[in-house]
There are 2 protein chains.
Amino acid sequence: MAGLCCNRAMSTNPPSPAKRHYLQADTLIRSTGARLTRPRVEVLAALLAAEQALSHHELEERIDRSVDIDRVTIYRVLDWLTAQGLAHRIAGDDRVRRFNAAGHAHEGAHAHFQCERCGTVLCLDEFSADPVVRLPRGFRPQHYELTVKGLCAGCGPSRRADTRTPAHRH
Amino acid sequence: MAGLCCNRAMSTNPPSPAKRHYLQADTLIRSTGARLTRPRVEVLAALLAAEQALSHHELEERIDRSVDIDRVTIYRVLDWLTAQGLAHRIAGDDRVRRFNAAGHAHEGAHAHFQCERCGTVLCLDEFSADPVVRLPRGFRPQHYELTVKGLCAGCGPSRRADTRTPAHRH
DNA sequence: GCCTAATTGCAACTGAATTGCATTAATGGC
DNA sequence: GCCATTAATGCAATTCAGTTGCAATTAGGC
Ligand SMILES: [Mn+2]
Ligand SMILES: [Mn+2]
Ligand SMILES: [Zn+2]
Ligand SMILES: [Zn+2]
């Protein structure tokens with residue numbers, strides 16, 4: 001069977017929406033020159049498909065159970081993707097790291113939303129103006145990150161307070 | 001002996017620079033209406049005296065060894081100070097939480113510097129303009145935080161790379 | 001197909017922070 | 001000043017995200 005990649009059959013037909021992110025992941029990983037492996041493809045495809053930043057746990061949930069990738073491998077793949085610039089990492093107030101596929105330019109300045117209730121993180125990308133802040137002598141700024149904190153749609157004040165716990169993840 | 005407070009003698013003379021933060025801590029803690037305890041005073045005084053945000057470890061180092069406050073108590077005092085609005089918490093990329101005395105107004109917008117090498121966190125406070133970012137429907141912004149990431153004076157490129165490790169703290 | 005270095009899996013470990021519960025001590029009333 | 005009340009602390013055990021060491025596997029070049 002020709003067109004095999006990481007044990008997944010590659011069709012020459014237009015990719016279904018579900019498969020598009022796998023093809024995109026393949027391409028991005030190949031572009032680094034490093035090895036194309038199943039865990040890398042699965043993790044990156046999951047990030048590409050996600051509409052929000054994903055934690056390690058959320059990735060474990062979303063990756064096809066039939067694949068059964070080790071937790072440590074997921075951590076290592078995430079580190080690798082971040083080092084390659086294919087993903088970026090957001091440190092949450094809950095001490096959990098969440099990851100986004102870095103499809104768009106993230107140099108200089110970048111913005112995220114963080115829900116203070118459930119921890120949801122969204123990439124906003126609508127932030128440009130190099131902010132003017134005065135740093136002490138010898139300090140070198142490299143990137144600027146704007147974090148908007150508040151309540152996400154699922155945690156807003158219109159919802160009954162006790163129907164959602166801080167442990168809730170969307 | 002009159003004028004005792006938490007086992008520390010209170011002088012009526014102008015306070016020495018070293019004692020000023022203790023007096024200020026006393027006042028701030030009393031203003032909450034809760035109990036004035038030695039751990040609360042020690043932790044808040046250390047935060048008030050610090051020129052940068054302090055981690056739990058850094059607080060343990062700075063608190064008078066003769067006092068010997070339990071680690072858990074420090075964690076609980078920090079939570080309490082934060083809940084009272086007397087301190088605020090910054091989540092670092094290294095998954096360590098650092099704390100600032102919240103002397104100045106922190107409502108709405110706030111800025112920090114984070115050294116990507118050693119983790120040092122500085123409160124900048126020079127950030128006001130409510131930034132314009134578009135949020136998805138139903139998302140409610142509450143605070144804005146600008147994080148400037150880069151290298152601190154101690155970690156700058158002029159320093160030999162191997163003289164400072166990421167574990168180093170200022 | 002074979003070789004080899006890169007990658008993965010597994011188990012043990014780390015380090016920050018939290019929890020449960022018994023003990024201590026700050027404060028208000030006497 | 002003393003006592004009672006109950007908030008706060010101390011201590012041990014635990015949780016939880018993430019890391020490390022090392023042996024086993026495998027992607028990709030030949
Ligand atoms: Mn982002
Ligand atoms: Mn601050
Ligand atoms: Zn939420
Ligand atoms: Zn530094």
* Checking all strands, does A:Arg97 fall into the base, sugar-phosphate, or nothing category for heavy-atom contacts under 4.0 angstrom? -> sugar-phosphate
Those residues at least two apart in sequence (or on a different chain) that pass side-chain hydrogen bond (donor to acceptor under 3.5 Å, both in side chains) with B:Gln84 are none
Taken to the nearest whole Å, CD/A:Glu60 to P/C:dT8 is 15 Å
Task: Phosphate-side-chain proximity, A:His56 and D:dG18, N/O vs OP1/OP2 below 4.0 Å - done: no
Whole-Å distance, B:Asp93 CG to D:dT19 P, equals 12 Å
From CG of A:Leu54 across to P of D:dG18 the rounded distance in Å is 13 Å
Taking five pairs at each terminus, the helix from C:dG1-D:dC30 to C:dC30-D:dG1 shows an axis bend, to 10°, of 40°
Between CZ of B:Arg71 and C1' of C:dT19 the distance, given in whole Å, is 13 Å
Residue set satisfying ring-ring contact (aromatic ring centres under 6.0 Å, His included) with B:Phe99, at least two apart, ordered chain then number -> none
Hits for salt bridge (charged side-chain N to carboxylate O under 4.0 Å, His left out) against A:Asp79, two or more places apart or cross-chain, chain-then-number order -> none
For B:Leu151, the other hydrophobic cluster members (4.5 Å side-chain criterion, sorted by chain and number) are none
- Task: Please determine if a side-chain N or O atom of A:Tyr75 lies less than 4.0 Å away from the OP1 or OP2 oxygen of D:dG18.
- Result: yes
Whether each nucleotide of nucleotides 2-11 of chain D has a protein heavy atom under 4.0 Å at its base (B), only at its sugar-phosphate (S) or at neither (-) is summarised, 5' to 3', as ----BBSBBB
B:Asp94 CG to C:dG15 C1', in whole Å, measures 11 Å
Rounded to whole Å, CD1 of A:Ile90 lies from C1' of D:dA17 at a distance of 16 Å
note: A:Leu36, atom CG; D:dA27, atom P; distance rounded to Å ~ 9 Å
Using a 4.5 Å side-chain heavy-atom cut-off and chaining through intermediate ILVMFWY residues, the residues clustered with A:Ile90 come out as A:Val121
Residues passing the side chain to side chain contact (heavy atoms under 4.5 Å, CB included) test with A:Ala49, sequence neighbours excluded, are A:His21
Between the SG atom in A:Cys123 and the NE2 atom in A:His88, the distance rounded to the nearest 0.5 Å is 4.0 Å
For residues 65-76 of chain B, which side-chain donor-acceptor pairs fall under 3.5 Å, sequence neighbours excluded?
from    : atom 1 : to      : atom 2 : distance (Å)
B:Ser66 : OG     : B:Asp64 : OD1    : 3.1
B:Ser66 : OG     : B:Asp64 : OD2    : 2.9
B:Asp70 : OD2    : B:Val72 : N      : 2.9

Rounded to whole Å, CZ of A:Arg95 lies from C1' of D:dT15 at a distance of 11 Å
Between the SG atom in B:Cys152 and the CD atom in B:Glu116, the distance rounded to the nearest 0.5 Å is 11.5 Å
